[in-house]
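For reference, the structure discussed in these notes is given below.
Since this is a predicted model, take the numbers as computed values, not measurements. Chain A is the first sequence line, chain B the second, and so forth, proteins listed ahead of strands; every chain is numbered from 1. The analysis underlying the following values was restricted to heavy atoms, covering all of them including side chains, and did not include hydrogens, waters or symmetry mates.
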Protein chains: 2
Amino acid sequence: MKAHLLYVEDDKSLSFVTRDNLEHQGYRITHCINGSEALEVIKREQFDLCIFDVMLPDVDGFTVAKEFRKFDTEVPIIFLTAKSLKEDRIHGLKLGADDYMTKPFSIEELILKIEVFLRRSKITNPKSPIRFRLGKYLFDHANLNLSTPEEEKQLTQKEADLLRFLIENKNKVLKRSAILESVWGEDDYFLGRSLDVFISRLRKYLQKDEHIRIENIHGVGFRLQED
Amino acid sequence: MKAHLLYVEDDKSLSFVTRDNLEHQGYRITHCINGSEALEVIKREQFDLCIFDVMLPDVDGFTVAKEFRKFDTEVPIIFLTAKSLKEDRIHGLKLGADDYMTKPFSIEELILKIEVFLRRSKITNPKSPIRFRLGKYLFDHANLNLSTPEEEKQLTQKEADLLRFLIENKNKVLKRSAILESVWGEDDYFLGRSLDVFISRLRKYLQKDEHIRIENIHGVGFRLQED
DNA sequence: ATTCTTGTTAATGTGCTGTTAATGCTTAAA
DNA sequence: TTTAAGCATTAACAGCACATTAACAAGAAT
């Protein structure tokens, strides 16, 4: 799996060269040309590392980092700063940045730094985060949070457990008994009625994306379908 | 558990100040005044982080790092370099360094960098960082002090411990059991009632900033939310 | 000895969750 | 086509989880 990098930089010529180099290095790059674009992207995509220019035409890199840290406290952030002001560097580090580079920087050095951080986050964070992407939704099981770029929905534990079980068996038919065993811990006729209610609720939460559907297989169970 | 740092530096006056600062910050420091001494020390002691000056009277910092990496590939290494030569920096990074700082450096910045790496290695330092910023509040855990520009509130040890745990896991859902384990040391139903009381107190202390909220996740736990 | 501080327990009121119930619709077998 | 069982959705509800304030007990400070 390629590492996915978020690169926010408004300078066209610099970003072209950098992006080209990083892609050539084998990374998948998502590039934003300003802060507000970045703010949208971080809501709906997942990254392994971020590179933020501090100086941006609209929302500055610090603000982007601050927002980003609300979603994720683990993913490394590297700041690019034109001036080498001590205050800027300290401010960045306090915001949860992991490093900064002063422009102009050497691409070779940037790549080395990226590798350092990616190596390290693999060591310290071997378990993949319990976040799933489902259509336009992002589902964070640990935080019981189901969000789209527009809004955010807080789930209950059971709702989240059920949704997770469905996602982990996406496009597969799940028997009622299997769902009840897995999510409720026991299989019982009356719990089946509860399951119906929960399915109904999840359907409502997921109706913002027409490619996502929870289908019923009559007499058998359910299937979370994505197309 | 205090984090144990290896600091190799020959400049007497600089190393005295740095060491003093780092110890005051709550770290345990082993200081070597030259490379060969460092080579001995790394064979018999264990460290959580290394700080190597590149220029040393005998064996240079790069060589020390190289030797050190034979024993340990995980522990972060920060180089201190007098000149800001690109080649030096790249050489360091290739040797398995994680970062470098150019002399003269700000001690505040060094401490922040150390924090960044230790945080990733999950080594928690009881005294660090001394202060957290939370909305309009400034929280000093060591001094049990929570202050706004207007007023100041003295916390109790438990209040401070709890607040710190919440801050360190800001915007994340924390299970009751996890909080009790971490702050009280044991997970027990009746302590849960105590936790409720403490949450309630913290809420009162934090009500001056409407962007800060301690939310309850029914049946799960709590989340300190900042927006 | 007494006062203060601090963490726990108690008391009381509120709110949320999962289940059950009610109602109408759909499916598939007779 | 009929009919019984299965499913969908909304509403209602009981039980428990939580919030808040007050009272209390044990230890520390004076």
Side-chain angles (χ1 to χ4, degrees), chain A residues 141 143-146 153-166 173-207 210 212-225, chain B residues 141 143-146 152-166 173-208 210 212-225:
Chain A
H141 184 252
N143 290 315
L144 311 182
N145 186 278
L146 179 70
K153 172 81 186 145
Q154 192 69 28
L155 304 182
T156 70
Q157 185 70 56
K158 268 241 156 53
E159 286 168 351
D161 291 349
L162 173 59
L163 179 55
R164 175 170 181 173
F165 189 62
L166 292 173
V173 177
L174 292 168
K175 285 203 281 255
R176 297 185 85 96
S177 59
I179 299 175
L180 290 174
E181 288 283 346
S182 170
V183 178
W184 271 261
E186 54 176 329
D187 179 8
D188 163 77
Y189 172 76
F190 293 102
L191 285 176
R193 312 294 98 244
S194 281
L195 171 57
D196 288 334
V197 175
F198 273 80
I199 290 286
S200 181
R201 284 179 188 159
L202 287 186
R203 282 199 181 113
K204 197 186 304 191
Y205 302 158
L206 293 170
Q207 67 190 358
E210 68 273 27
I212 305 293
R213 247 147 333 108
I214 301 178
E215 297 173 340
N216 170 253
I217 315 299
H218 196 93
V220 182
F222 297 93
R223 174 174 55 192
L224 175 65
Q225 189 75 17
Chain B
H141 183 251
N143 295 315
L144 311 181
N145 184 279
L146 180 69
E152 210 166 307
K153 171 77 186 152
Q154 200 65 26
L155 303 183
T156 71
Q157 187 67 49
K158 270 242 154 52
E159 286 169 350
D161 292 348
L162 174 59
L163 179 55
R164 174 167 179 172
F165 188 64
L166 291 174
V173 175
L174 293 168
K175 287 203 280 258
R176 297 185 85 97
S177 59
I179 300 175
L180 290 174
E181 288 281 346
S182 171
V183 178
W184 271 262
E186 53 177 330
D187 178 8
D188 164 75
Y189 173 76
F190 292 103
L191 284 176
R193 314 291 97 247
S194 280
L195 171 57
D196 287 333
V197 174
F198 273 80
I199 290 286
S200 183
R201 285 180 187 157
L202 287 185
R203 281 201 181 109
K204 199 188 296 188
Y205 303 156
L206 292 171
Q207 67 190 357
K208 290 282 154 57
E210 69 272 25
I212 306 292
R213 199 146 34 86
I214 301 179
E215 297 175 341
N216 168 253
I217 314 298
H218 196 98
V220 182
F222 296 92
R223 174 175 56 191
L224 175 65
Q225 189 77 14

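Nucleotides of DNA chain C nearest to A:L155 and A:H218 differ in position, and the one nearer the 5' end is that of A:L155.
Nearest heavy atoms, B:E159 versus B:L202: O-CD2, 4.0 Å.
Note on B:F198: a base of the nucleic acid sits closer than 4.0 angstrom, heavy atoms only. Backbone-only engagement by B:L191 is indicated by non-hydrogen atom pairs under 4.0 Å involving sugar-phosphate atoms exclusively. A:F222 comes within contact range of the sugar-phosphate backbone alone, with a heavy-atom separation under 4.0 Å but no base atom that close. If you check every strand for non-hydrogen atoms under 4.0 Å, A:R201 touches a base. Across all strands shown, A:N216 has heavy atoms under 4.0 Å from sugar-phosphate atoms exclusively, and none from any base. Counting non-hydrogen atoms under 4.0 angstrom, B:S194 reaches a base of the nucleic acid.
One interatomic measurement links the two molecules: CD of B:Q157 to P of D:dG27, which rounds to 18 Å at whole-angstrom precision. The NZ atom of A:K158 sits 12 Å away from the P atom of D:dA17 (whole-angstrom rounding). Atom CD of B:E159 and atom C1' of C:dT8 are 13 Å apart (whole Å). In this structure, the CH2 atom of A:W184 is 11 Å from the P atom of C:dT20, given to the nearest Å. When rounded to the nearest whole Å, the span between CD1 of A:I214 and P of D:dC7 equals 14 Å. We find that CZ of B:R223 is positioned 15 Å from P of D:dC18, with the value rounded to whole Å. Here the C1' atom of nucleotide C:dA22 and the CG atom of A:D196 are 14 Å apart, to the nearest Å.
For the pair B:T156 and C:dG7, the criterion of a side-chain N or O lying under 4.0 Å from OP1 or OP2 is met.
On a pure distance criterion of 3.5 Å, no polar donor-acceptor pair joins the side chain of B:R193 and the base of D:dT21.
Under a 4.0 Å N-O distance rule, the pair B:D196/B:R193 qualifies as a salt bridge.
Between B:F165 and B:W184, the distance separating the two ring centers is not shorter than 6.0 angstrom.
Checked against B:D161 for a side-chain hydrogen bond (donor to acceptor under 3.5 Å, both in side chains), the options B:Q157, B:K158, B:R164 give a single hit: B:Q157.
In summary, the side chains of A:R213 and A:Q207 do not present any donor paired with an acceptor at a separation below 3.5 Å, with no hydrogens or angles considered.
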